[in-house]
Amino acid sequence: MSERRFALVDCNNFYASCERVFDPRLIGVPVVVLSNNDGCVIARSAEAKALGIKMAAPFFQIERFCQRNGVRVFSSNYTLYGDMSRRVMRVLADWAPAMEVYSIDEAFLDISRIAEDRLHQELAALRTRVHMWTGIPVSIGVGRTKTLAKVANDLAKRGGGVSVMLPEDEERALQDMPVGDVWGIGRRLTAALEPLGITTAGQLRAADTRQLRQRFNVVVERTVMELRGIDCLLLEDVTPARKTLMVSRSFGDKVTLLSDIEASITTHAGRAAEKLRVGRQIAEHLEVFMHTSPFDTTTKPYTARATIAFEHATADTRLITSTALSLVRRLFKRGYRYAKSGILLLGLSEAMKATPTLFSPIDDRRSSALMAAMDLLNNNYGSGTIGFASAHTGKAWRLRMDRRSQSYTTQWEELAKTAS
DNA sequence: TCTGGGGTCCTAGGACCC
DNA sequence: TCTGGGGTCCTAGGACCC
């Protein structure tokens, strides 16, 4: 069996780079992009990093610093970033036989079939192509496993833009790498590994997997195997369907009134239902949560949350909204200063291509009938037939609806015989 | 005064059933 | 009088990622 090889393509300082594509005057200038509500830093250009601006730094703490140092500051624009991401991914998909879009700015490519001596040259060409066609600079790292490709990508970012790590290079690359830089080893694990004498990626690779599994979990064990070149994480060529969906926001100012929470939850519910329908999914459960600020040291953090099951899985805006609001009213407690609210939809599954058929005895005011039909189809996707019977005349109609893209075509048809 | 939003997976523990 | 063991499902919470 031939050796497997993965490439990780990672966009450099992605959000900051996106802003630059649309304003070249930003090139060479420190740029940062802020989270929602301009809360904290979520992207930094190389110049901003060089100034010492940290990832996730609260903006209010560095605002003056940014002014003094000529840092250009942007609120995030996810529509733009999403669009740029699709452009980059399209270029990669054109090139690679198999690829996994891992995040908005990263993709793994299966490059097992490219000859070793051509790898560097081919990937350098790909890098140039992405930059030329999208304006986004990327780094590419190659390794035997995804985890090793991540390591190689780190090296690529430090210079050259492309780093091909062959098995004989691994030892040296891992030797000096802090263990916390390994993909899958976060802050907690780094702290927990330290007393075991594991502070570098090389030491983690040499560690006893059985012991690590016992002490931690299988995820850590897999990471160690991956560092050794045994691929445990396969390329997920087909993006799996989303399993949960969350919409949440922090409040600009702390909220103490039920009516304010209700308003925010109503907005969240609407957005969540819309996202569900775009993905043609329905949800089984709904969770609502609201919590106080974790940064407020004067009071103990408080979270109110509750989950409820729908009678039938749904994507119905009104049902989701009313259910969420009933939970909010149950959960809300006076006296707390809420910092954030949100809803989480769980147990998502693919919406059936429903062909709802409904006969209901309503009068022959067609407009209200049409509204009901639209609702029904909206919530069930697909096309369908709805029958109406007039209580006054005894006649019956059939309304057929065909939903293509976003428009409906409707067809009224008077049935020859009266409905039974 | 002001600290993001959206995901995944794993484990432990309780409820419940046979 | 003695009070099993194994399986599944669900939830909460913790860890990680970008």
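Sequence lines set the chain letters: A, B, ... in the order given, protein chains first and strands last, and positions in each chain run from 1.
Taking only side-chain atoms of A:Q61, from C-beta outward, the nucleotide of C:dG13, B:dG7, B:dT3 with the closest atom is B:dT3. Here the nucleotide nearest the side chain of A:V218, chosen from B:dG6, C:dC18, B:dC10, is B:dC10. Listed nucleotides: C:dA15, B:dC9, B:dG7. Nearest to the side chain of A:R242: B:dG7. Distances from the side chain of A:R337 to the nucleotides B:dC2, B:dG4, C:dC18 place B:dC2 closest. Among B:dG7, B:dC10, B:dT3, the nucleotide with an atom closest to any side-chain atom of A:K275 is B:dG7. The side chain of A:S248 approaches B:dG6 more closely than any other nucleotide in the set B:dC10, B:dG6, B:dC2.
Across C:dC18 and B:dC2, the matching C1' atoms stand 24 Å from one another, rounded to whole Å.
Comparing A:F216 and A:A57 against DNA chain B, the residue whose closest nucleotide sits nearer the 5' end is A:A57. Between A:A241 and A:S250, it is A:S250 whose nearest contact on DNA chain B lies nearer the 5' terminus.
Within a 6.0 Å radius of CD in A:Q214, no more than 12 heavy atoms belonging to other residues, nucleotides or ligands are found.
When the options A:R20, A:K49, A:E47 are evaluated for a side chain to side chain donor-acceptor pair (under 3.5 Å) with A:N13, the one that passes is A:K49.
Neither side chain, A:T314 nor A:D316, offers a donor N or O lying under 3.5 Å from an acceptor on the other. For the 3.5 Å distance criterion, the side chains of A:D38 and A:S75 qualify, holding a donor opposite an acceptor. Donor-acceptor pairing under 3.5 Å is lacking for the side chains of A:N37 and A:S250.
A:K243 has a side-chain polar atom (N or O) that falls below the 4.0 Å cut-off from OP1 or OP2 of B:dC9. Between A:K54 and the phosphate of B:dT3, there is no side-chain N or O to OP1/OP2 separation shorter than 4.0 Å. A sub-4.0 Å separation between OP1 or OP2 of B:dT3 and a side-chain N or O of A:K340 is absent. Regarding contacts with the backbone of C:dT11, every side-chain N or O of A:R305 stays at 4.0 angstrom or more from both OP1 and OP2. The phosphate of B:dG5 has neither OP1 nor OP2 within less than 4.0 Å of any side-chain N or O from A:S35.
B:dT3 atom P lies 12 Å from atom CG of A:N36, rounded to whole Å. A:Y15 places its OH atom 13 Å from the P atom of B:dG5, with the value rounded to the nearest Å. Whole-Å rounding puts the A:I42 CD1 to B:dG5 P distance at 10 Å. Put simply, CD on A:E106 is 17 Å from P on B:dG7, counting in whole angstrom units. The distance from atom CD1 of A:I343 to atom P of B:dG5 is 14 Å, rounded to the nearest whole Å. Distance A:R188 CZ to B:dC10 C1': 16 Å, rounded to the nearest Å. Counting to the nearest Å, the P atom of C:dC18 and the CG atom of A:N13 are 14 Å from each other. Computed from coordinates, the A:L346 CG to C:dC10 P distance equals 12 Å when rounded to whole Å.
In this structure, A:Y102 reaches the sugar-phosphate backbone alone: every heavy-atom distance under 4.0 Å involves primed, P, OP1 or OP2 atoms, never a base. Looking at heavy-atom distances under 4.0 Å, A:E63 makes no contact with the nucleic acid at all. Residue contacts for A:L189: at a heavy-atom cut-off of 4.0 Å it reaches the sugar-phosphate backbone alone, with no base atom in range. Residue A:D38 is out of contact with every strand shown, counting any heavy-atom pair closer than 4.0 Å. Counting any heavy atom pair closer than 4.0 Å across all strands shown, A:K254 reaches sugar-phosphate atoms only and no base atom. Residue-level contact check: A:R213 touches neither bases nor backbone, having no heavy atom under 4.0 Å from any strand. Within the 4.0 angstrom heavy-atom criterion, no nucleotide atom of any strand lies near A:V33. Across all strands, A:L245 comes closer than 4.0 Å only to sugar-phosphate atoms, never to a base (heavy-atom distances).
Between A:R87 and A:D83 there is a salt bridge, since a side-chain N of the basic residue sits under 4.0 Å from a carboxylate O of the acidic one.
Of the nucleotides present, C:dC9 is the one that pairs with B:dG14 by Watson-Crick or G-U wobble criteria, both distances under 3.5 Å.
Interatomic distance, CD of A:E106 versus CE of A:M89, reported as 8.0 Å (0.5 Å rounding).
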